[in-house]
Amino acid sequence: MRTRGWKTLAAAVVATMATPAILRWLRRLGAARRAIDMRMTVIVERPIGDVFEFARDFENFPQITDSLLSIEDSQDGRSHWAVRSPTGHSVEWDATVTKYVPSSVIAWESVPDSPVKASGLMRFFPLSSTETRVDLTITYRPLRTGFADALRALVGANNTARLRTELAQAMHEMVAR
């Protein structure tokens, strides 16, 4: 009987010591699933002017993906972004345009001290008078991931795969307009 008590106590001590490590591991794994590191090329059956005009107004982006709640584009190189976390809360940050060449390139990144490290780069290439290639690079890394967000991210769809699907569908819909 005494041996069983010691075994139970030892198991409790081991579990208590292992729990923080397991929780850290789950949070790191969930944070990795929330992150986006994507390169993609999309062909849009629209003239480059139409595609660039749509893309240069960041307020159009929430039409493309459900996870973007809103973007307030001040039209002076600054914007305010809000996305939905896996638990449904809003994560918000400011971004600045880092490169802008009309009908060619748009790049942006989150400002220092943001709760996320986010950046994007879009390069536009006319393939014909009615077709445009867009090379897109997007990174998004939340700097903090709570336990609930980590768990939801682990059981939910991979953010990169989901965004890739949403972008491809949005480009297809853009053609239909």
Side-chain angles (χ1 to χ4, degrees), residues 28 30-86 89-145 149-150 153 156-177:
R28 274 195 310 270
R33 293 263 310 173
R34 289 180 67 197
I36 295 171
D37 192 0
M38 183 184 83
R39 285 178 172 67
M40 178 178 185
T41 296
V42 179
I43 306 298
V44 183
E45 294 178 18
R46 302 283 272 191
I48 193 168
D50 293 354
V51 177
F52 189 85
E53 191 62 29
F54 178 87
R56 75 177 202 80
D57 185 354
F58 293 163
E59 290 182 9
N60 287 325
F61 291 2
Q63 296 174 36
I64 296 172
T65 178
D66 290 336
S67 59
L68 272 173
L69 296 172
S70 66
I71 300 176
E72 297 169 13
D73 190 344
S74 61
Q75 301 298 322
D76 66 354
R78 295 176 300 128
S79 53
H80 182 79
W81 298 58
V83 299
R84 185 182 342 270
S85 78
H89 295 96
S90 177
V91 178
E92 300 185 24
W93 71 93
D94 292 323
T96 56
V97 171
T98 57
K99 188 167 188 175
Y100 183 88
V101 179
S103 296
S104 184
V105 178
I106 303 171
W108 65 92
E109 68 183 10
S110 54
V111 298
D113 299 322
S114 294
V116 301
K117 180 144 180 66
S119 63
L121 171 67
M122 292 185 289
R123 294 187 181 277
F124 303 83
F125 302 94
L127 299 178
S128 71
S129 62
T130 59
E131 199 172 51
T132 304
R133 185 181 93 205
V134 182
D135 292 342
L136 179 63
T137 303
I138 295 177
T139 59
Y140 169 84
R141 289 189 180 79
L143 299 182
R144 291 191 179 99
T145 298
D149 278 334
N158 177 283
N159 277 348
T160 300
R162 183 184 45 73
L163 182 60
R164 187 178 300 276
T165 300
E166 289 177 352
L167 285 171
Q169 182 179 355
M171 293 303 146
H172 177 72
E173 290 172 4
M174 184 183 229
V175 171
R177 285 190 223 164

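Nothing here was measured: the structure is a model prediction, and the numbers come from that model. Heads up: numbering here begins at 1 and tracks the sequence.
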Roughly how far, to the nearest 0.5 Å, is [atom2] of [Y] from [atom1] of [X]?
X      : Y      : atom1 : atom2 : value
Glu45  : Ser128 : CD    : OG    : 9.0 Å
Ile138 : Ser119 : CD1   : OG    : 9.0 Å
Leu127 : Thr132 : CG    : OG1   : 6.5 Å
Phe125 : Ser103 : CZ    : OG    : 12.5 Å
His80  : Ser74  : NE2   : OG    : 11.5 Å

Shortest non-hydrogen contact from [X] to [Y]?
X      : Y      : value
Ala82  : Glu92  : CB-CG, 3.7 Å
Arg84  : Leu69  : NH1-CD2, 3.1 Å
Thr41  : Arg133 : CG2-CG, 3.4 Å
Asp73  : Glu59  : N-OE2, 2.9 Å
Ala107 : Leu121 : CB-CD1, 3.8 Å
Arg78  : Thr96  : CG-CG2, 4.3 Å

Can you find a heavy atom in the side chain of [X] that is under 4.5 Å from one in the side chain of [Y]?
X      : Y      : answer
Thr139 : Lys117 : no
Arg56  : Gln75  : yes
Ile64  : Phe54  : yes
Val42  : Leu136 : no

query = Taking only residues two or more places apart in sequence or in another chain, which ones pass side-chain contact (heavy atoms from CB on, under 4.5 Å) with Pro62?
reply =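 By the side-chain contact (heavy atoms from CB on, under 4.5 Å) rule, Pro62 matches Leu68, Ile71.
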ask   = For the residue pair Phe58 and Trp81, does the interplanar ring angle fall in the parallel (under 30°), tilted (30 to 60°) or perpendicular (over 60°) class?
value =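 Tilted: the ring planes of Phe58 and Trp81 meet at 30° to 60°.
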Derivation and outcome, side chain to side chain contact (heavy atoms under 4.5 Å, CB included), residues Tyr140 and Val116 = CA-CA 7 Å; Tyr140 169 84; Val116 301; 3.7 Å; yes
inquiry  = So if I apply the side chain to side chain contact (heavy atoms under 4.5 Å, CB included) rule between Arg123 and each of Val134, Thr137, Ile106, Asp135, which one comes out positive?
reply    =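 So, applying the side chain to side chain contact (heavy atoms under 4.5 Å, CB included) to Arg123 and each of Val134, Thr137, Ile106, Asp135, only Asp135 qualifies.
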ask   = Do NZ/NE/NH1/NH2 and the carboxylate oxygens of Arg141 and Asp37 come within less than 4.0 Å?
value =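 Yes, Arg141 and Asp37 are salt-bridged.
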request  = Taking atom CG of Asp113 as the centre, report whether more than 12 heavy atoms of other residues, nucleotides or ligands fall under 6.0 Å from it.
outcome  =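 Open: at most 12 neighbouring heavy atoms sit under 6.0 Å from CG of Asp113.
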query = How would you list, by chain and number, every residue that makes a ring pair (Phe, Tyr, Trp, His ring centres under 6.0 Å) with Tyr100, sequence neighbours excluded?
reply =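 Only Phe52 meet the ring pair (Phe, Tyr, Trp, His ring centres under 6.0 Å) criterion with Tyr100.
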